[in-house]
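One structure below.
All values below come from the heavy atoms of this structure, side chains included, with hydrogens, waters and symmetry mates left out. From a predicted model like this one, the values you see are computed outputs, not experimental measurements.
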Amino acid sequence: LLDFLGRCERGSSEQYLALLVLNNVSIPGENKRPIAIDYGGASFLSRLLCSDPSCHLVAIVLVNLTFADAELRSELCAPSSPVQLVEAPAYA
């Protein structure tokens with residue numbers, strides 16, 4: 001899904017649909033770490049949000065990935081993390 005999303009044109013209906021699916025998949029607790037860390041989703045989505053700050057669905061997916069998982073949130077927001085995330089989106 002992340003690979004497909006990377007190939008989607010910015011603002012396209014395909015990007016929107018892929019983000020909606022990713023949003024739903026990112027809600028269950030057992031999916032958060034694999035998507036965010038193992039598949040590089042947090043890194044990919046944070047770069048996507050930087051390139052298109054108007055894309056509210058990207059921010060929502062990032063919030064869903066960190067919601068109710070304090071350990072994952074701390075790991076992603078740590079200064080040593082390769083993911084450039086800050087605490088604020090985690091609590092939006």
Side-chain angles (χ1 to χ4, degrees):
L1 186 57
L2 291 168
D3 288 338
F4 176 76
L5 186 56
R7 293 190 307 269
C8 291
E9 185 177 326
R10 185 173 142 181
S12 68
S13 59
E14 291 83 7
Q15 181 189 39
Y16 184 75
L17 181 60
L19 285 168
L20 283 177
V21 171
L22 186 58
N23 178 57
N24 289 337
V25 172
S26 69
I27 294 172
E30 63 271 12
N31 293 345
K32 293 176 186 295
R33 181 166 294 278
I35 292 170
I37 304 287
D38 300 343
Y39 297 113
S43 178
F44 172 77
L45 292 167
S46 62
R47 288 192 314 272
L48 184 60
L49 186 59
C50 287
S51 69
D52 186 7
S54 68
C55 191
H56 65 282
L57 275 175
V58 174
I60 291 170
V61 173
L62 285 168
V63 169
N64 281 341
L65 285 174
T66 59
F67 185 76
D69 192 333
E71 184 180 327
L72 178 60
R73 184 173 46 251
S74 294
E75 188 176 333
L76 290 172
C77 296
S80 60
S81 174
V83 178
Q84 297 180 349
L85 251 174
V86 295
E87 287 282 337
Y91 294 103

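Closest heavy-atom contact between Ala18 and Leu5: CB-CD1, 3.8 Å. Nearest heavy atom pair, residue Ser26 against residue Leu65, reads CB-CD2, 3.5 Å.
Following chains of ILVMFWY side-chain contacts shorter than 4.5 Å, one cannot reach Ile27 starting from Leu17, and the two form parts of different hydrophobic clusters. A continuous path of hydrophobic side-chain contacts links Val58 to Tyr16 [ILVMFWY only; heavy atoms under 4.5 Å]. Hydrophobic clustering, with ILVMFWY side chains joined whenever heavy atoms are under 4.5 angstrom apart, groups Leu2 together with Val21.
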Original post:
Taking it one step at a time, do Ile35 and Leu1 satisfy side chain to side chain contact (heavy atoms under 4.5 Å, CB included)?
Top reply: CA-CA 10 Å; Ile35 292 170; Leu1 186 57; over 6 Å; no

**OP:** Please assess Leu19 against Cys8 for the test side chain to side chain contact (heavy atoms under 4.5 Å, CB included), listing each intermediate value before the final yes or no.
**Re:** CA-CA 10 Å; Leu19 285 168; Cys8 291; over 6 Å; no

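Atom CG of Leu62 sits about 10.5 Å away from atom CG of Asn23, to the nearest 0.5 Å. For the atom pair CG (Asn24) and CG (Leu20), the distance works out to 7.0 Å, reported to the nearest 0.5 Å. Note that the CG atom of Asn64 and the CG atom of Leu45 stand 11.0 Å from one another [nearest 0.5 Å].
Applying the side-chain hydrogen bond (donor to acceptor under 3.5 Å, both in side chains) test to residues at least two apart or on different chains, the pairs with a partner in residues 27-41 are Arg33-Glu75. Pairs engaging residues 1-21 under the salt bridge (charged side-chain N to carboxylate O under 4.0 Å, His left out) rule: Arg10-Asp52 [sequence neighbours left out].
Side-chain contact annotation: Ser43 with Arg47, donor-acceptor N/O pair under 3.5 Å present.
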